[in-house]
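Note that the structure is predicted; figures quoted are calculated from it, not measured.
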Amino acid sequence: MEFVDDDKFDFVLMEGGILHYFVDLNALFTVVSKLLVNGGRFILRDYHPTRKLLSCHDGQMIANGNYFKDTISDGIVPYIHLLSE
């Protein structure tokens, strides 16, 4: 929640079910607003972490996996096209 006052960004990306980590959403969005340049974009993609355990097969939602898994998994990074190599 602490940034240098002159830090400004074209976009701020928050994703992956992170909103529940913040107690005061007004304070969070005030910081986000201050971080954006005029006309900057705020991208928010939030969901409950259990969403990672659900899949759809033949029109049925299937829960599979361990919500409390403590190992690291390989996978594609969301929004990778926005990142430099």
- CG of Asn66: more than 12 outside heavy atoms within 6.0 angstrom? yes
- Could I get the full list of side-chain hydrogen bond (donor to acceptor under 3.5 Å, both in side chains) partners for Ser33, not counting sequence neighbours? none
- So which residues get pulled into Ile62's cluster when ILVMFWY side chains under 4.5 Å apart are joined, directly or through others? none
- Item | Nearest-0.5 Å distance, CG of residue Leu13 to CZ of residue Arg41 | 14.0 Å
- Message: If you compare all heavy atoms of Lys34 against all heavy atoms of Lys8, which two are closest, and at what distance to 0.1 Å?
- Response: O-NZ, 2.6 Å
- Message: Within the structure provided, determine whether Leu19 and Leu25 are in side-chain contact (heavy-atom separation under 4.5 Å).
- Response: yes
- Who are the ring-ring contact (aromatic ring centres under 6.0 Å, His included) partners of Phe11, not counting sequence neighbours? none
- Task: Report whether Val32 and Tyr21 are members of the same hydrophobic cluster (ILVMFWY, side-chain heavy atoms less than 4.5 Å apart, transitive linking).
- Result: yes
- Item | Expected output: side-chain Asp46 to main-chain Ile18 donor-acceptor under 3.5 Å | yes
- Taken to the nearest 0.5 Å, the spacing of Leu44 CG from Phe29 CZ works out to 6.0 Å
- Query: Under 4.5 Å between any side-chain heavy atoms of Val37 and Phe9, yes or no?
  - Reply: no
- Query: Below 4.5 Å, heavy atoms only, C-beta onward: do Ile43 and Val12 meet side chain to side chain?
  - Reply: no
- Message: With rounding to the nearest 0.5 angstrom, report the CE to CG distance, Met61 to Leu53.
- Response: 10.5 Å
- Tell me, do Asp10 and Leu36 make a side-chain contact under 4.5 Å, heavy atoms counted? no
